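Let me begin by presenting the structure, written as structure tokens, before commenting on it.
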Amino acid sequence: MDRNQITKWLKAPAKMANKYSLHAIYFCTGCGIIEVPPVITSRWDAERFGIIPVATPRQANLFLITGYVSVKTLRPIIRTYEQMYEPKYTIGFGSCPINGGMYWDSYNTIKHLDKYIPIDGWIAGCMPRPEAIIIAVTHLWTLIDKDMATGYIKYRENYNSYRKNQELALGKLDWPPLYPTK
Amino acid sequence: MVVKITQIILSPVLALIVGVFFLGLARKIMARIHWRYGPPLIQPVIDMIRLFYQKSVSHGRMFDLGIVLSLAGSIVVVLFLPFGRMCPLSNSGGLLVILYIMLLAPLGLALSGGQGANPNISIGISRKLILSLGYEVPLLLVLLSVMTHYKTISIVEMVNVQQSTGWSIASWPLFLSGLSYFLILPAILSIRPFDMTSAPQEISSGPMVEYGGKYLALAAIEHAFVLFISIALFVNLFLGGADNIFYFFVKMLVVFMLGLCINAVFPRFRIEQAIKYLWKWPTLLAFLGLIMTLM
């Protein structure tokens with residue numbers, strides 16, 4: 001921590017603590033899990049920036065979705081996202097969550113993940129290098145600083161449309177709505 | 001009177017600061033052993049600030065009260081522990097009271113987790129209780145032999161005797177007990193090789209699985225207290241306490257570093273391997289120590 005950050009800490013402790021204590025839960029759907037261990041271990045030690053992997057969505061505030069999202073794995077992704085406590089940030093890792101990537105014409109793959117849960121940032125590439133995660137986190141810091149990482153607020157405000165999209169993809173959902181729906 | 005009240009307020013605060021410092025130091029040193037740079041020393045504080053600002057959902061009344069109960073139990077234990085010359089409740093209780101109140105911490109977590117109704121919590125708690133069954137046997141034998149040797153239950157008197165006659169870990173029959181306490185110390189702290197209660201890879205961090213936000217922050221504070229208490233007890237009973245707080249914390253730091261080195265290099269036991277270990281060597285040593293003390 002720099003010394004010139006102390007005034008920032010005093011001004012907005014919640015924001016700064018959110019920035020420097022990103023506990024990540026990563027959802028490895030297909031590929032991309034190989035890129036995560038080098039980031040959290042000694043090669044690109046992400047714990048320098050306070051990023052550690054946690055085992056449960058309750059403790060996490062950064063959700064990393066790596067690789068393609070099939071229809072079957074969309075369900076646990078939504079459940080995991082809804083179980084996380086606010087404020088929470090989401091990063092889509094790889095080109096498949098963005099627009100389907102190489103599975104653009106697959107019948108069983110979710111093409112645009114941000115129709116179903118809000119995504120704060122994307123890391124494009126197939127696959128991105130491990131250091132791209134750290135670059136993405138620095139971009140996320142900027143977004144948090146400027147109050148632009150508001151995915152969880154968007155989810156709360158537009159819950160009706162998100163829920164409708166989820167029902168379109170998955171059929172009837174077997175869990176109650178997170179927020180009151182009209 | 002005023003001094004007493006100041007001490008009662010000050011000692012849990014000091015214990016908390018030292019415990020949180022140890023948590024941060026543990027992460028830093030573990031990182032250096034892994035050839036990483038590691039987080040800043042105040043990372044646990046940053047995490048706690050973040051967790052206290054985060055929204056959290058309660059799973060019921062016992063979920064809230066259990067964690068408060070365990071935290072309260074730990075704070076009360078701190079009041080009975082002398083560190084340096086400071087002991088707020090020196091003339092009441094002693095080792096026996098500490099033994100009873102120390103049970104509140106795991107019990108509160110178990111009660112709180114029971115309301116969480118997650119299968120991982122049940123597995124974690126059952127492992128925790130089995131593990132405590134494992135280390136309570138040698139711990140009780142160790143404390144019994146210490147109490148028999150000094151013919152008192154007051155920790156303050158034990159510290160005073162050790163100040164004049166030398167550390168008890170250096171005296172003959174109590175050396176075995178001290179060694180036994182050190183061997184079960186990782187189990188009491190539930191660090192590796194005994195971290196099967198909160199194994200993130202197997203049971204998604206066990207009793208902590210439903211904790212988030214404020215609950216997780218309180219659980220981290222509780223963990224810091226437990227860290228402080230078990231090491232402080234070791235320093236008081238076997239390393240002769242200390243004249244002032246500074247030396248006391250230096251001694252605690254040395255013991256903690258030794259524990260950390262064990263934590264860094266060992267893999268995790270399975271629960272039945274842990275019981276097999278705990279009931280073999282530490283219990284044998286503690287039992288031998290007790291017999292030698294009685295003779």
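In what follows, chains are A, B, ... by sequence order, proteins preceding strands, each numbered from 1. This one's a predicted model, so the numbers in the text were calculated from it and none came from an experiment.
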Strictly by ring-ring contact (aromatic ring centres under 6.0 Å, His included), give each pair with a member in residues 105-125 of chain A just once, sequence neighbours left out. none
Please check if atom CE in B/Met257 has more than 12 non-hydrogen atoms from other residues, nucleotides or ligands closer than 6.0 Å. yes
Nearest non-hydrogen partners of A/Ile52 and B/Arg27, listed with the distance: CG2-NH2, 3.7 Å
Hey, is OH on A/Tyr179 packed in by over 12 heavy atoms from elsewhere, all under 6.0 Å? yes
Part of A/Ile40 lying under 4.5 Å from any heavy atom of chain B: backbone
Take a 6.0 Å sphere around CG of B/Leu10 and say whether it holds more than 12 heavy atoms from other residues, nucleotides or ligands. yes
Among B/Lys28, B/His34, B/Met48, B/Gln43, single out the residue with the greatest number of heavy-atom pairs under 4.5 Å to chain A. B/Gln43
In Å, rounded to the nearest 0.5 Å, how long is the span from OG1 of A/Thr56 to CG of B/Asn118? 8.0 Å
Applying a strict 4.5 Å limit to non-hydrogen atoms, the region of A/Ala46 in contact with chain B is neither
Chain A contact via B/Val57 - which portion, at a heavy-atom distance below 4.5 Å: both
For B/Trp35, look at atom CH2 and say whether over 12 heavy atoms of other residues, nucleotides or ligands are found less than 6.0 Å away. no
With chain A as the partner chain, list the residues of residues 49-56 of chain B whose heavy atoms fall under 4.5 Å from it, by residue number, and write 'none' if nothing qualifies. B/Ile49, B/Arg50, B/Tyr53, B/Gln54, B/Lys55, B/Ser56
Is the backbone of A/Ser21 close enough, under 3.5 Å, to the side chain of B/Asp47 for a donor and an acceptor to pair up by distance? no
Listed by number, the residues in residues 195-216 of chain B that come under 4.5 Å of chain A (heavy atom to heavy atom) are B/Pro200, B/Ser204, B/Ser205, B/Met208, B/Val209, B/Glu210, B/Tyr211, B/Gly212, B/Gly213, B/Leu216
Using heavy atoms and a sub-4.5 Å threshold, report which of residues 62-87 of chain A line up against chain B, by residue number. A/Tyr85, A/Glu86, A/Pro87
Chain B shares the most heavy-atom pairs under 4.5 Å, among A/Lys88, A/Arg58, A/Lys19, with A/Arg58
